[in-house]
Amino acid sequence: MSTLSDPAPPPAPVENRGECLRVEDLRRDFGGVWAVDGASFSVARGSVTSLIGPNGAGKSTLVNILSGFDRPTRGRVLLEDRDVTRWPAFRRGRRGLARTFQHSHAFGALTVRENVEVSALGVGATHREAAKRAKELLGLLGLAEYAEQPASSLPHGDERRLGVARAVATGPRFVLLDEPAAGLPEAEVPAFADVVRSVRDDHGAGVLLIDHNMALIMSVCDRIHVLDQGRTLAEGTPVEIRANLDVAAAYLGESAIAEDA
């Protein structure tokens with residue numbers, strides 16, 4: 001089992017524009033307030049990119065735009081060089097974009113296995129394919145022992161893993177993880193870091209990770225994009241971001257500066 005003190009993950013692959021989820025000059029206006037103001041970045045397949053920033057930085061708005069639950073005022077979303085800015089969420093899902101949510105969207109009355117199977121069926125898998133995916137994913141994510149239990153009975157950490165399993169069951173090329181570690185006990189974070197690495201390494205998906213747990217972020221991400229008041233504050237590797245004094249002042253706190261001094 002990997003831990004958060006393990007060496008940094010391998011470098012991200014050389015970016016191929018045809019294998020990226022990209023946002024270009026994305027802006028979203030709410031009654032004269034710019035929740036997102038000119039964000040541009042990309043997520044390559046087989047890599048983990050993190051989106052961080054203080055509360056109110058525009059992260060949730062950006063994720064909603066990326067996944068098709070909101071539309072930008074200006075700018076574009078490109079999924080493997082295809083402009084999907086005006087596509088609804090279900091169409092993006094069929095094209096290979098999946099997401100988790102801050103609050104569980106599991107079907108509580110269905111079993112854990114059925115929840116994963118339903119996700120696979122929703123993108124056109126046969127019943128046999130859906131069953132196979134569910135068995136593989138529940139084993140991979142440490143949920144096999146709960147397969148026949150109602151999803152509503154899962155403890156919080158396992159509920160988060162189920163959210164990832166449901167997303168990966170769609171066979172995505174890109175996965176948006178929206179605060180997946182929120183509420184997890186610190187003791188469970190290293191195991192969840194392994195889950196994120198698995199999505200990247202075992203499934204070859206590009207992962208956009210939005211979270212406030214900096215130990216998780218720094219241990220699994222290849223690139224970090226920092227938002228502040230809707231604008232890009234910095235972008236770079238975990239080492240570069242940790243050493244960035246502007247980021248430390250705006251988000252990481254003075255302790256981050258002292259830690260690297």
Side-chain angles (χ1 to χ4, degrees), residues 20-30 33-45 47-80 82-106 119 159-160 162-164 166-168 170 172-184 192 195-196 199-200 205-214 216-217 220-235 251:
C20 290
L21 173 65
R22 305 177 66 86
V23 296
E24 296 183 350
D25 193 29
L26 214 61
R27 299 168 188 265
R28 181 63 166 100
D29 169 56
F30 290 100
V33 177
W34 291 100
V36 180
D37 190 6
S40 296
F41 65 92
S42 63
V43 180
R45 289 200 66 199
S47 71
V48 179
T49 297
S50 182
L51 183 65
I52 68 171
N55 290 330
K59 303 184 300 296
S60 294
T61 299
L62 190 48
V63 171
N64 285 336
I65 291 172
L66 278 168
S67 55
F69 289 88
D70 193 9
R71 288 186 177 181
T73 305
R74 294 204 301 271
R76 299 196 301 168
V77 178
L78 295 108
L79 182 56
E80 298 187 319
R82 183 182 293 263
D83 190 336
V84 300
T85 310
R86 301 296 170 184
W87 286 19
F90 77 87
R91 190 177 177 192
R92 298 185 200 199
R94 289 184 177 274
R95 189 72 186 181
L97 179 62
R99 70 168 291 183
T100 64
F101 294 85
Q102 293 182 23
H103 303 289
S104 175
H105 280 217
S119 295
E159 182 181 80
R160 293 288 179 175
L162 176 58
V164 176
R166 293 181 67 213
V168 176
T170 65
R173 299 171 72 79
F174 300 93
V175 181
L176 313 180
L177 301 179
D178 191 1
E179 299 198 20
L184 282 182
F192 194 82
V195 171
V196 178
V199 176
R200 176 192 66 192
V207 179
L208 180 64
L209 174 62
I210 304 93
D211 211 274
H212 289 286
N213 190 303
M214 295 309 299
L216 173 65
I217 296 295
V220 303
C221 290
D222 303 296
R223 303 283 297 176
I224 299 175
H225 192 94
V226 188
L227 283 182
D228 187 30
Q229 298 183 355
R231 299 177 181 176
T232 297
L233 177 63
E235 185 174 14
Y251 182 57

Contact between [X] and [Y] at the side-chain level, heavy atoms closer than 4.5 Å - yes or no?
X	Y	value
Leu208	His225	no
Thr73	Trp34	yes
Leu177	Val196	yes
Pro72	Val36	no
Val84	Leu97	no
Phe192	Asp211	no

Output the distance between atom [atom1] ([X]) and atom [atom2] ([Y]), rounded to the nearest 0.5 Å.
X	Y	atom1	atom2	value
Ile224	Met214	CD1	CE	5.5 Å
Leu26	Ser40	CG	OG	8.0 Å
Arg223	Ser50	CZ	OG	12.0 Å
Glu179	Leu209	CD	CG	10.0 Å
Asp222	Arg200	CG	CZ	5.0 Å
Asp228	Leu233	CG	CG	5.5 Å

Checking Phe174 against Leu79 for the side-chain contact (heavy atoms from CB on, under 4.5 Å) test, could you report, in this order, the C-alpha distance in whole Å, the side-chain angles of both residues, the deciding distance, and whether it holds?
CA-CA 9 Å; Phe174 300 93; Leu79 182 56; 3.5 Å; yes

query = Of Val199, Val195, Thr100, which meets side-chain contact (heavy atoms from CB on, under 4.5 Å) against Val168?
reply =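 Single pass found, and it is Val199.
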
Minimum heavy-atom distance between [X] and [Y], given as atom pair plus value:
X	Y	answer
Thr232	Ala39	OG1-CA, 4.1 Å
Ser42	Thr49	O-OG1, 3.9 Å
Ser67	Leu176	CB-CD1, 3.9 Å
Ala167	Val175	CB-CG1, 4.2 Å
Ser119	Thr170	O-CG2, 3.7 Å

Please check: side-chain N/O of [X] versus main-chain N/O of [Y], any donor-acceptor pairing under 3.5 Å?
X	Y	result
Lys59	Gly53	yes
Arg160	Ala182	yes
Arg92	Leu66	yes

Give a yes or no on this: more than 12 heavy atoms of other residues, nucleotides or ligands lie within 6.0 Å of atom CZ of Arg86.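 Enclosed.
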
More than 12 non-hydrogen atoms from neighbouring residues, nucleotides or ligands closer than 6.0 Å to CD on Gln229, yes or no?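 No, not enclosed.
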
| task | With Arg99 as the cation and Phe69 as the aromatic partner, state whether NZ or CZ is under 6.0 Å from the six-membered ring centre and within 45° of the axis. | result |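 Here Arg99 passes the 6.0 Å and 45° test against Phe69.
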
### Message
Going by the rule side chain to side chain donor-acceptor pair (under 3.5 Å), which residues pair with Arg231 if we only count those two or more places apart in sequence or in a different chain?
### Response
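Partners of Arg231 by the side chain to side chain donor-acceptor pair (under 3.5 Å) criterion, ordered by chain and then number, come out as Asp37.
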
(Q) Taking side chain to side chain contact (heavy atoms under 4.5 Å, CB included) as the definition, give me every residue that meets it alongside Arg94, ordered by chain and number, with sequence neighbours left out. (A)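 Side chain to side chain contact (heavy atoms under 4.5 Å, CB included) check on Arg94 returns nothing, list empty.
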
